[in-house]
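All figures in this text were calculated on a predicted structure; none of them were measured in a lab.
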Amino acid sequence: MGARSWACVPTLMVATALLLFSFSWSPNLVLTTTTTKMVSTPFLTTLLAVLSPHKHNRVYANEFTSSPPVYPSPPSRGLGWEWAFTQASYFVANLTLEEKAQIVTGTPGPCVGNIGAIPRLGFDGICMQDGPLGIRLATYASAFPAGLTAAASWDRGLIFARGDYLGDEFRRKGSHVLLGPVVGPLGRIAYAGRNWEGFSPDPYLTGEAAAQTIMGIQRNGVQASLKHFIANEQETQRLPTTSRNGTTIESLSSNIDDRTMHELYLWPFANGVRVGVSSIMCSYNRINSSYGCQNSKNLNGLLKTELGFQGYVVSDWGATHAGVDAVNAGLDMDMPGSIGWNANISMFGGNLTRAVINGSLPISRIDDMVQRVMTPYFFLRQQHYPPIDGRSPLLNNGNLPPWRHRFNLGPPDIDVRDGHADLIRELGSAGTVLLKNHNNTLPLHAPRTIGVFGNDAGDLVDGVYFSGGSYDQPYGYEYGTLPVGGGSGAARLPNLITPLEAIKLRAARDGTSVQYLLNNTLITESSLSISRPDGLTYIVPVPEVCLVFLKTYASEGVDRHDLEADWNSNSVVNTVAAYCNNTVVVTHSAGINDMPWANNPNVTAILAAHLPGEQSGNSIVDILYGNVNPSGKLPYTIALNATDYDFARLTNSTRLQETEDPNAWQSDFSEGLLIDYRHFDYYNKSVRFEFGFGLSYTSFELSDLVVQNILPEREITALPAAAPVGPGGNDNLWANLYLVNATVTNLGNVSGACVSQLYLGLPQIPGEQPTPINVLRGFEKTYLRRGESQTVQFWLKRRDLSYWNSTIQNWVIPAGEIIVRAGFSSRDIQMQSIISPIRGRPFAE
């Protein structure tokens with residue numbers, strides 16, 4: 001052993017001593033004798049890490065190839081809901097054992113999810129409905145912009161208002177629980193089919209958007225159910241399948257190391273728990289080889305112990321794979337409560353009552369499950385609630401009585417939309433991102449002629465409900481604009497304003513001639529400027545401006561094949577641009593698109609309009625004509641090529657599709673913390689449009705950066721002071737430590753909103769996996785008249801400055817310099833400053 005190797009011995013001895021000492025006191029450190037695999041704990045992995053001089057070359061996901069067991073499931077204390085907790089306790093005390101099992105077991109009924117009534121106690125049951133952008137099974141209810149669109153607005157006020165209006169509609173339709181918002185998937189994989197339901201691959205932006213949405217929903221007395229917990233990052237193999245030989249092939253296992261779990265995927269759930277979310281839905285996939293709805297490490301350990309979650313964990317529909325084992329692991333409610341279509345066979349229900357009677361399940365655990373369900377019910381005063389819209393059972397697959405339980409049904413087709421269309425229109429515009437505007441092509445000023453191209457511009461021809469997709473046919477309907485995605489995250493459109501309709505209406509006012517060609521196949525098979533066989537030309541004269549509308553469909557249950565917009569869109573753009581030297585491209589997309597035509601000089605403007613909801617046409621016309629100055633910013637990165645996203649690839653292959661190995665589907669999150677812009681920045685890779693980017697019809701400037709420490713620096717410690725765990729974890733993690741002020745000025749001649757962004761450059765941690773170069777830690781949207789200046793403020797909390805130390809299982813502010821950067825995107829940094837919260841010797845690991 002050389003001198004360099006011997007130098008590791010003292011550190012190794014210390015680590016070994018810590019490991020041995022930990023056995024004497026750590027309640028969550030468990031070794032197993034039932035498997036040949038070593039159960040990975042933070043202490044064990046740190047011990048092994050000491051011997052690795054090349055830590056950055058390790059595959060960090062393999063730190064947790066299995067989930068350490070954490071038992072028992074901690075009981076709720078009703079923190080923040082004390083009076084309702086007491087009321088729920090009285091309710092639980094009056095229940096029979098069978099009634100207790102009933103309240104945690106779904107049953108057939110009028111809604112997507114149903115808990116049966118108990119008339120003798122005045123309990124009318126619980127109705128749960130999809131989804132995150134509107135009531136899926138409803139009439140006369142709004143279809144709001146998707147979560148992705150809301151995130152692209154970077155506007156807390158509008159995001160809150162969206163949640164508020166959603167909650168209002170769900171309540172008046174008699175739905176006690178809104179199954180949303182979505183923060184899982186976070187967006188690790190660019191191809192994931194449900195990214196659009198959530199907000200952003202950045203955990204800070206997603207956490208802020210989720211918190212605002214939850215507060216908006218629950219102010220109406222409606223429970224929000226934050227989903228899907230956790231690491232539900234792809235649709236492929238999300239459920240078990242059966243091989244050709246009848247072998248059960250288990251769901252995909254998302255294998256994540258402890259630090260990545262905390263700093264990326266758990267982060268936005270902490271925001272939701274902090275603001276008092278009622279329910280959290282566990283996911284279909286496995287995490288570190290254990291199913292999400294019976295993973296005791298995640299449910300009992302991370303969620304209920306570390307984050308102090310006081311509400312109830314509900315399964316995704318059909319995600320329960322065990323009864324007593326899932327209950328002990330932290331699952332509180334099983335949905336839909338039956339196995340397959342047989343309502344008489346259930347993992348919960350009678351299985352739980354039998355388990356209590358035979359002593360294999362303590363009654364105290366059942367009581368806590370019911371307590372967790374009923375506390376938010378009473379806190380939000382749901383015992384006095386509107387009846388369920390009578391149309392709901394007919395829309396729910398014709399699921400009509402007789403049901404096992406009575407439900408409080410009211411009149412059908414209650415109109416709950418009110419003036420919500422105005423907010424939908426405003427948010428649709430606010431979530432539209434101007435990516436290119438050569439020679440100030442936009443806004444339009446009453447052009448003499450307009451050409452509209454592409455199958456996304458016109459009206460729907462296959463109905464107003466986007467039900468889903470399949471791997472063989474992933475592109476949805478060919479004709480008609482795309483206002484929302486498909487699956488359980490969709491909503492039935494009460495009406496739809498299409499782009500072509502809104503353009504024609506505006507053009508009539510301006511005296512503009514509008515011609516259009518919406519058949520993508522016809523566009524790509526012609527040059528547009530040549531004559532058709534019948535001697536007629538397609539569009540004449542060449543319009544002053546050509547608007548090309550593209551769409552990218554995605555849906556629950558299937559992941560995207562590629563990142564090109566659908567229906568041969570690249571050829572559509574190239575054909576129109578060859579014909580028209582003033583081509584404006586608008587994308588309605590459920591996620592990231594590559595844009596190989598972005599630098600075409602004839603493509604003079606690009607707008608990413610995402611999924612704007614029912615007011616789609618009005619929202620985009622407001623931007624095109626300058627009624628609204630674009631202020632949206634990308635909530636993700638648009639890379640130069642689709643292959644640039646291969647750092648987090650979709651797990652799928654012919655070998656896996658044909659496997660006979662039950663556990664073949666493994667997804668190692670080996671990129672660690674480096675997803676989206678964190679990856680591109682760390683490896684200094686060029687991108688087409690960076691995270692946080694978005695143009696305006698005016699220009700802005702940031703100046704006068706001032707960073708003020710709230711506490712004297714000598715009082716800032718590396719570790720948060722010990723405190724009882726409340727919702728969101730240690731309260732001290734949420735304490736403000738710094739206030740950052742800057743001045744934002746509108747330098748142009750057009751009024752508009754500006755999104756100022758704050759990023760932190762945290763130091764690399766010796767011996768640890770790579771820390772991102774930049775992490776978003778603040779944003780503020782400010783409306784400024786031309787020439788106006790305002791001060792923007794960013795509060796930095798302890799959690800914002802910390803990294804997760806897996807060795808001591810705590811958040812730690814690193815020693816050394818932290819760079820505070822203010823700008824207008826992750827790569828447009830206007831100013832920076834340096835702080836050193838922890839001076840002197842680094843924290844001893």
If we only count heavy atoms from C-beta on, is the V182 to F199 side-chain gap below 4.5 Å?
no
Evaluate the ring pair (Phe, Tyr, Trp, His ring centres under 6.0 Å) criterion for residues Y636 and H610: first the C-alpha distance (whole Å), next the side-chain angles of each, then the deciding distance (0.1 Å), finally the verdict.
CA-CA 12 Å; Y636 50 76; H610 300 109; 5.7 Å; yes
Tell me if a side-chain donor or acceptor on Y291 pairs with a main-chain N or O of S251 at a distance below 3.5 Å.
yes
Taking the six-membered ring of F144 as reference, does the NZ or CZ atom of R162 fall below 6.0 Å from its centre and within a 45° cone about the axis?
no
So, does Y516 use its side chain to make a donor-acceptor pair with the main chain of G458 at under 3.5 Å?
no
Charged N-O contact under 4.0 Å between E556 and R238
yes
Does atom OH (Y625) have a neighbourhood of more than 12 heavy atoms from anything else shown, all under 6.0 Å?
yes
Distance col, row Y477:OH vs Y465:OH, nearest 0.5 angstrom, shows 9.5 Å
Decide, yes or no, whether a salt bridge links D164 with R219 under the criterion of side-chain N to carboxylate O below 4.0 Å.
yes
N-O pairing of R391 and D389 below 4.0 Å:
no
Any donor-acceptor N/O pair, S283 side chain to F229 backbone, under 3.5 Å
yes
Does N455 reach the side chain of K551, with side-chain heavy atoms less than 4.5 Å apart?
yes
Salt-bridge present (R156, E208; N to O < 4.0 Å):
yes
Could you check whether atom CZ of R649 has more than 12 heavy atoms from other residues, nucleotides or ligands sitting under 6.0 Å from it?
no
Stepwise ring pair (Phe, Tyr, Trp, His ring centres under 6.0 Å) test for F453 and F549:
CA-CA 6 Å; F453 300 87; F549 286 86; over 10 Å; no
What I want to find out is whether R136 reaches D130 closely enough, with some N-O distance under 4.0 Å, to be called a salt bridge.
yes
Side chain to side chain, R194 and S488, heavy atoms closer than 4.5 Å
yes
Checking the side chain of Q223 only, and the main-chain atoms of P376 only, is there a donor and an acceptor separated by less than 3.5 Å?
no
Would you call S315 and C293 a side-chain contact if the rule is heavy atoms closer than 4.5 Å?
yes
Just wondering, are more than 12 heavy atoms of other shown residues or ligands nearer than 6.0 Å to OH in Y140?
no
So, D124 and R406, do they make that salt bridge, N to O below 4.0 Å?
yes
Do I606 and M595 have side-chain heavy atoms sitting under 4.5 Å apart?
yes
Taking the ring of H228 and the ring of Y284, is the distance between their centroids below 6.0 Å?
no
